[in-house]
Amino acid sequence: MPDYREMYGILFRATEQAINLLIAAQRRCEELFLDAEEPVIRLAEPPSRGDDGRPEEGE
C-alpha cells in the first residue's frame, strides 16, 4: 500500500518551495521596477488649424 503520508509531505514541500520561488521573483521584479528611472514622456503638439477648422497647408 502506498505511503500517503510520505506522498503528501513530498507534494507539500514542493508546493511550498514553488510558492517561495514565485514570491522571491515577484519581489525582485518589484524592486527593479521601483529602482528604474522615470520615463520621459513628451506630448506631441496638435496640428495648427485654420479659421475653418481644417489643418493648415503643409501639415
Side-chain angles (χ1 to χ4, degrees):
M1 177 179 248
D3 184 352
Y4 291 105
R5 181 179 216 134
E6 180 184 4
M7 292 174 12
Y8 176 82
I10 291 169
L11 288 173
F12 181 81
R13 284 187 293 278
T15 301
E16 188 72 20
Q17 290 172 344
I19 290 169
N20 288 333
L21 180 64
L22 290 170
I23 289 171
Q26 180 177 354
R27 286 181 179 158
R28 180 65 182 126
C29 288
E30 289 170 353
E31 289 171 5
L32 289 171
F33 177 80
L34 292 174
D35 291 342
E37 292 184 24
E38 290 291 322
V40 177
I41 299 174
R42 296 193 175 123
L43 300 177
E45 291 291 326
S48 300
R49 303 266 177 192
D51 293 334
D52 59 1
R54 294 183 183 174
E56 293 182 356
E57 292 289 323
E59 294 189 28

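When a residue number appears, it is its place in the shown sequence, counting from 1. Note: hydrogens, waters and symmetry copies are ignored here, and every other heavy atom, side chains too, is used.
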Separation between CD of Gln17 and CG of Asn20, rounded to the nearest 0.5 Å = 8.0 Å
query = In Å and rounded to the nearest 0.5 Å, what is the CD1 to CG distance from Ile41 to Leu43?
reply = 8.0 Å
Interatomic distance, Thr15 atom OG1 to Tyr8 atom OH [nearest 0.5 angstrom] = 8.5 Å
inquiry  = Let's go through Met7 and Asp3 carefully: what are the C-alpha distance in whole Å and the side-chain angles of both, what is the deciding distance for side-chain contact (heavy atoms from CB on, under 4.5 Å) to 0.1 Å, and is it a yes or a no?
reply    = CA-CA 6 Å; Met7 292 174 12; Asp3 184 352; 5.7 Å; no
key: Salt-bridge criterion met for Glu31 and Arg28 (N-O under 4.0 Å)   = yes
